[in-house]
Structures are given as structure tokens and as C-alpha cells.
Asks: 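Quick one: this structure, given as C-alpha cells, is what I'll be asking you about.
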Amino acid sequence: MKLKDRVAIITGSGRGIGRAIAERFAREGAAILLNSRTEKELQQTADAIQQAGGRAAYVVGNVAEASTVEKLVATARKQWGQVDILVNNAGIYGSVKPLTELTAQEWDRILAVNLRSAFLLTRAVLPAMVERRRGVILNISSISGKHAFPFSAAYAASKAGLLALTRTAAAEVGRQGVRVNALCPGPIAGTRMWDELGPALSEKMGISREELEDVVLGSILQGRRQTPEEVAAAAVFLCSDDASAITGQAVNVDGGFVFD
Ligand SMILES: NC(=O)c1ccc[n+]([C@@H]2O[C@H](COP(=O)([O-])OP(=O)(O)OC[C@H]3O[C@@H](n4cnc5c(N)ncnc54)[C@H](OP(=O)(O)O)[C@@H]3O)[C@@H](O)[C@H]2O)c1
């Protein structure tokens with residue numbers, strides 16, 4: 001087991017990539033504190049983990065709000081003593097539109113969920129990690145934070161911001177036993193985010209779903225979309241001692257799409 005007896009907070013873990021990471025981390029021996037705004041999905045994820053013999057609890061709430069962040073950290077400590085791993089995964093894409101049509105409210109909401117939340121949680125868990133000289137933070141960014149795609153200015157800015165937060169935090173605690181990294185998934189199969197994004201994007205680009213799929217798959221060396229489980233496998237590696245020499249990095253899990 002790669003994460004035996006670690007305690008992990010994973011945001012946005014009721015479905016999709018976050019759920020896959022939670023289930024995989026639990027199988028690797030970690031106790032998982034789940035979070036999202038939809039209790040039913042959290043309950044289902046917690047049940048699945050417990051039925052497989054793992055440990056899980058959850059906190060319902062908007063992770064962009066300080067009160068949810070405080071509750072998450074307090075619950076993890078009360079339940080299991082400390083926080084060893086933080087995965088900032090919760091994210092929203094927002095509407096697919098040119099930046100000239102984006103409202104300031106939409107911009108603020110996307111930045112709050114995708115970036116402010118990660119800052120708040122990182123700030124909350126780092127002091128104890130530094131004191132214990134042990135801890136790992138993983139930010140789920142996106143290839144949108146590195147590459148140029150249209151109609152997603154706020155999303156792309158939030159994901160690029162996550163990469164900057166990753167490097168800065170890693171630089172501040174690199175000599176104190178704490179590692180901070182990011183994963184940049186490409187378009188992941190079977191996630192609500194991509195299921196909603198695909199139709200919106202094809203409509204905006206004036207092409208069919210099939211044509212969009214051809215464009216996307218044609219840009220990926222593997223010629224297929226990746227899965228939440230493949231993102232989770234990379235997350236286990238980066239959060240385990242196998243990655244003890246890796247910090248401040250952003251690893252693409254995109255089947256060969258973006259090359260920086
Ligand atoms: N799917 C892709 O193709 C793709 C590609 C690159 C990067 N990513 C990134 O991967 C991460 C996971 O995305 P996904 O594809 O798994 O999407 P998803 O299926 O839509 O899941 C997103 C998760 O985040 C939660 N969430 C959203 N807003 C939240 C908030 N304010 N507070 C707490 N939880 C919140 C959602 O639950 P509630 O709505 O119930 O709160 C859900 O559990 C995101 O950061 C996304 O940007 C995804």
C-alpha cells in the first residue's frame with residue numbers, strides 16, 4: 001500500500017476525477033475526507049469506499065468559502081489526528097464564451113472555486129505539515145493552464161494560477177519536508193465536466209460533436225481520451241514516497257497533447 005495510514009482531504013470528490021482519486025487513495029490505505037456541495041454523491045462515494053474496506057467521511061460545502069475550509073481541516077484532525085495529503089481538485093468550467101462576453105461575476109466565481117479554494121486550504125494545512133516535516137499537496141490543474149484554447153479565459157487563468165500557486169508553495173516549504181505538485185489532465189472521459197463542455201464547445205465552434213471529437217482525438221498522441229482512474233494513478237504516485245524527489249512540478253496526464 002502506497003499511502004498506508006495517511007490522512008487525505010480531497011475536494012470535489014463526489015464524482016469524476018475527485019471520486020476516482022478518493023477511491024484509489026483509500027485502496028492504498030489512506031483515510032479520506034471527501035468534500036463537494038452534493039451530499040448524495042458524497043454519501044455514495046463514502047459508501048463505496050467503506051464497502052471496499054476503506055475509511056471515509058465527508059464535509060458538505062462550497063470549498064471557496066472559508067467556513068467550509070475550516071470545517072474540513074477541523075474534521076480531518078478530529079477524526080484522524082492530522083492532514084498528510086491535500087488534493088485541491090474541486091473545479092468548475094463556467095460557461096463557454098468569448099472573454100468579451102464574460103461578466104465580472106462569472107470571472108470571480110470561477111476563480112473562487114478553482115483557485116481561491118486551493119489557496120485557503122493550502123494556507124490552512126501547511127503550518128502543521130511544516131511542523132511535522134511531512135505532507136504533500138496536489139493541485140488538479142489542467143492543460144488549459146498551459147495551452148491556448150478559446151472560450152475559457154477565467155477557467156484557463158484559474159488553472160494557470162494553480163500552477164503558480166504550486167510552484168510558490170513548493171519553493172516556500174521545499175526544505176521543510178513538504179512537497180507541492182500539480183496534475184494537468186487533458187479532456188477526461190466519463191466526467192460531467194467534459195460531458196457538458198463537449199456540446200457547448202461544438203456549438204460555439206459551429207461543428208458537430210463527431211467533428212469535435214475528431215479534432216480532440218487528432219490532437220492526442222494516444223488517439224484516445226484518458227480516464228479518471230488514469231489521473232488517480234498519477235495522483236497516487238505524486239502523493240506517495242515514490243515521488244520523494246518531485247516538487248514544484250506540473251505533470252500532464254493527457255495522452256500526449258501538450259508539451260510544456
Ligand atoms: N474532465 C476533464 O476533462 C478535466 C480536464 C482537465 C482538468 N480537469 C479538472 O479536474 C477537476 C475535477 O473535474 P471533473 O472532470 O471530475 O468534474 P466534475 O465531474 O464536474 O466534478 C467536479 C467535482 O467538484 C465539485 N465541486 C464543484 N464546485 C465545487 C465547490 N464550489 N465546492 C466544492 N466542490 C465543488 C463537484 O461537486 P458539486 O457540484 O456537487 O459541488 C464535483 O464533485 C476539476 O478541477 C477540473 O477542472 C478536468
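Counting convention: from 1, in listed order, for ligands and their atoms alike. Quantities reported herein were computed from a predicted structural model and do not represent experimental measurements.
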Asks: My understanding is that we take every heavy atom of each candidate and find the minimum distance to atom 39 (O) of ligand 1. Doing that for Arg37, Glu39, Lys40, which one comes out nearest?
Replies: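 Result: the heavy atom closest to atom 39 (O) of ligand 1 is in Arg37.
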Asks: Closer than 4.0 Å to some heavy atom of Gly61 - which atoms of ligand 1 meet that?
Replies: 32 (N), 33 (C)
Asks: Give a yes or no answer on whether the side chain of Ser219 reaches the backbone of Val215 with a donor-acceptor pair at less than 3.5 Å.
Replies: yes
Asks: Short N/O distance, under 3.5 Å, between Tyr155 and ligand 1?
Replies: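 Checking ligand 1 against Tyr155, an N or O pair does fall under 3.5 Å apart.
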Asks: With a cut-off of 4.0 Å, which atoms of ligand 1 are near a heavy atom of Ile92?
Replies: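 Close to Ile92: 27 (C), 28 (N).
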Asks: Among Arg134, Lys4, Arg179, find the residue that satisfies the salt bridge (Lys or Arg N to Asp or Glu O under 4.0 Å) test when tested with Asp84.
Replies: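 So the option named by the test is Arg134.
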Asks: To the nearest 0.5 Å, tell me how far Leu183 CG sits from Ser141 OG.
Replies: 9.0 Å
Asks: How does Lys159 reach ligand 1, by side chain, by backbone, by both or by neither, if only non-hydrogen atoms under 4.0 Å count?
Replies: side chain
Asks: Any atoms of ligand 1 less than 4.0 Å from a non-hydrogen atom of Ala90? List them with their elements.
Replies: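 Atoms satisfying the 4.0 Å criterion: 24 (O), 34 (N), 35 (C), 45 (O).
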Asks: Students should be able to answer this: which protein heavy-atom is nearest to atom 23 (C) of ligand 1, and at what distance?
Replies: Gly12 O, 3.4 Å
Asks: With a 4.0 Å cut-off on N to O distance, would you call Arg24 and Glu28 a salt bridge?
Replies: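 Yes, this pair counts.
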Asks: Report the member of Gly145, Ser36, Gly16 with the shortest heavy-atom distance to atom 34 (N) of ligand 1.
Replies: Ser36
Asks: When you compare ligand 1 with Ile188, is there at least one nitrogen or oxygen pair between them that comes in under 3.5 angstrom?
Replies: yes
Asks: Please list the nearest protein heavy atom to atom 17 (O) of ligand 1 with its residue and the distance rounded to 0.1 Å.
Replies: Met193 CB, 3.6 Å
Asks: When you measure from atom 45 (O) of ligand 1 to every protein heavy atom, which one gives the shortest distance, and what is it?
Replies: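 Its nearest protein heavy-atom neighbour is Asn89 O, 2.7 Å.
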Asks: Ion pair present between Asp241 and Arg6, side-chain N to carboxylate O less than 4.0 angstrom?
Replies: yes
Asks: Side chain or backbone of Thr11 under 4.0 Å from ligand 1, or both, or neither, by non-hydrogen atoms?
Replies: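 Neither part.
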Asks: First locate atom NZ of Lys2, then atom CZ of Phe237, and finally report the distance between them rounded to the nearest 0.5 Å.
Replies: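 Reported to 0.5 Å precision, the distance equals 9.0 Å.
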Asks: Can you tell which part of Thr38 has a heavy atom less than 4.0 Å from ligand 1: side chain, backbone, both or neither?
Replies: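 Under 4.0 Å from ligand 1, Thr38 contributes backbone and side-chain atoms.
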Asks: Return a yes/no value for Ile17: is any of its N or O atoms, backbone included, closer than 3.5 angstrom to an N or O of ligand 1?
Replies: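 Between Ile17 and ligand 1 (N or O atoms, distance only) the closest approach is under 3.5 Å.
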Asks: To the closest 0.5 Å, what do you measure between CD (Gln82) and CG (Asp5)?
Replies: 9.0 Å
Asks: Does ligand 1 come near enough to Val63 that some N or O of the ligand is less than 3.5 Å from an N or O of the residue?
Replies: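 Yes, there is a polar N/O contact under 3.5 Å.
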Asks: Going by atom types only, do Thr103 and Glu106 share a side-chain donor-acceptor pair under 3.5 Å?
Replies: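 There is such a pair (donor and acceptor under 3.5 Å, judged by atom type) between the side chains of Thr103 and Glu106.
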Asks: What is the distance from atom CG of Leu72 to atom CZ of Arg77, rounded to the nearest 0.5 Å?
Replies: 11.5 Å
Asks: If hydrogens are left out, which of Ser141, Pro187, Gly91, Ser144 has an atom nearest to atom 7 (C) of ligand 1, that is, the closest non-hydrogen atom?
Replies: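 Selected option, by shortest heavy-atom distance: Ser141.
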Asks: In terms of heavy-atom contacts, does NZ of Lys71 have more than 12 from other residues, nucleotides or ligands at under 6.0 Å?
Replies: no
